[in-house]
Amino acid sequence: MRNKLIIGNWKMNLGLADAQDLVFKLKSSIGSKQSTEVAICPPSVYLMTLMNVLKDTPQIKVGAQNMFYKEEGAYTGETSPKMLKDLHVQMVIIGHSERRQYFNENDKDVNLKVKSALKFGLTPILCVGEDLKTRENGEAENYVKNQLIEGIKGLNNSEIEKIIIAYEPIWAIGTGKICSGEDANKIIKMIRSTIKDKSSSNVSDKVKILYGGSVKSDNFKEHIQYEDIDGGLVGGASLNFEEFIKLIDLANTAHEQTQSHPV
Ligand code: 13P
C-alpha cells in the first residue's frame with residue numbers, strides 16, 4: 001500500500017527568516033514514526049540554506065519549484081537539474097499551472113523537463129489540471145489525460161514508476177473553491193488507469209497521485225479518505241505551520257483507516 005504524501009509548494013512567498021523559522025518548527029515536529037511522507041518546495045534561492053538546516057532530517061524531503069531541462073549553458077536566470085542535484089535536492093515540481101499560464105510552458109517543455117529531472121535522479125512532480133471553461137464544457141477528463149500522456153511521452157516503465165503526479169484544477173488554486181473529493185477522485189482514478197495503459201498495473205499501483213487546489217485542514221478530510229488520492233500538493237496552507245501539521249495528521253489518520261476499510 002502506498003504511503004500518503006504531503007508536499008508544501010511555498011510558491012514565491014516568505015522572507016528568509018520566516019522560511020528558516022518554518023523549517024525549524026517542522027523539523028522539531030515531524031517524527032520518523034509517522035507513515036505520511038513530507039516534502040517542502042521553497043523558492044530556489046533558499047534551497048541551499050534550508051537543505052543545510054534539514055541535512056539530518058531525512059523525513060522532510062526538499063524539492064524545487066521549477067528547473068530548466070538543459071544541464072548548463074547561456075540560459076540567464078535558469079536553474080539546471082545538475083545544480084539541484086549538487087544541492088542534494090530530491091524533487092522538482094514540473095509544469096505547475098502557474099508556469100504554464102504565466103511563463104508559457106507547454107506540454108513539450110514539460111516532457112523535456114520530466115525526462116531531464118529523471119536523468120539527474122530528481123523525482124518529478126508532474127502537475128496537470130484543467131481551467132474552469134474546460135471543466136464547464138465537460139472536457140476535464142480528456143484535457144487532463146492528454147496533458148498526462150504528453151508529459152510522460154517516451155518514458156519507460158521504470159521511469160514512469162518514479163514520477164509523482166499532482167492533479168491541480170486551475171479553478172481551485174488560490175480561489176478558495178475546492179474540487180469535491182468525489183470529482184477529484186474521478187480524475188485521479190482516470191490518471192491511474194491511463195498510467196496503467198501506458199505501462200503496467202505494477203507501475204500504476206506504485207505511482208503517487210496527489211490532489212492540489214485550496215487544500216486546507218477543514219476540507220481535505222474528504223479527499224484524503226479516497227484510496228487513490230495519495231496526498232496533497234499544498235500552496236497557501238503550507239505556509240502556516242499549524243495548518244501544515246494538521247494536514248499531515250489527517251493523512252496519517254486516513255492511511256490507518258484505508259488500510260482497514262479501503263474507499
Ligand atoms: P493553493 O493551495 O494555495 O490553492 O495552491 C495550490 C497549488 O498550486 C499547489 O501547487
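Indexing begins at 1, ligand by ligand and atom by atom, following the structure's order. All figures in this text were calculated on a predicted structure; none of them were measured in a lab.
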Problem - Gly212 heavy atom under 4.0 Å from ligand 1 - result: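 No heavy atom of Gly212 comes that close to ligand 1.
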Problem - Sub-4.0 Å heavy-atom approach of Lys216 to ligand 1 - result: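 Contact check Lys216 vs ligand 1: negative.
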Distance filter under 4.0 Å to [X] heavy atoms, resulting ligand 1 atoms:
X	value
Gly236	1 (P), 2 (O), 3 (O)
Ser214	1 (P), 2 (O), 4 (O)
Asn9	9 (C), 10 (O)

Exercise for the section: Please examine the side chains of Ser238 and Phe244, heavy atoms only from C-beta on, and report whether any two atoms are closer than 4.5 Å. Expected result: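 A side-chain contact under 4.5 Å exists here.
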Practice task
Measure from the side-chain N and O atoms of Tyr46 to the backbone N and O of Leu14, and report whether any donor-acceptor pair falls under 3.5 Å.
Solution key: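 Yes: the side chain of Tyr46 pairs with the backbone of Leu14.
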Assess whether a salt bridge exists between [X] and [Y], defined as any Lys/Arg side-chain N lying under 4.0 Å from an Asp/Glu carboxylate O.
X	Y	answer
Arg100	Asp131	no
Lys25	Asp21	yes
Glu105	Lys113	yes
Lys133	Glu136	no
Asp218	Lys246	no

Taking distance alone, with no angle check, do [X] and ligand 1 share an N/O pair under 3.5 Å?
X	value
Gly235	yes
Gly174	yes
Glu98	no

Problem - atom 7 (C) of ligand 1: the protein heavy-atom neighbour that sits closest, reported with distance to 0.1 Å - result: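 For this ligand atom, the closest protein heavy atom is Glu168 OE2, 3.2 Å.
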Practice task
List the closest protein heavy-atom neighbour of atom 5 (O) of ligand 1: residue, atom name, distance to the nearest 0.1 Å.
Solution key: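 Going by distance alone, atom 5 (O) of ligand 1 is nearest to Lys11 NZ, 3.2 Å.
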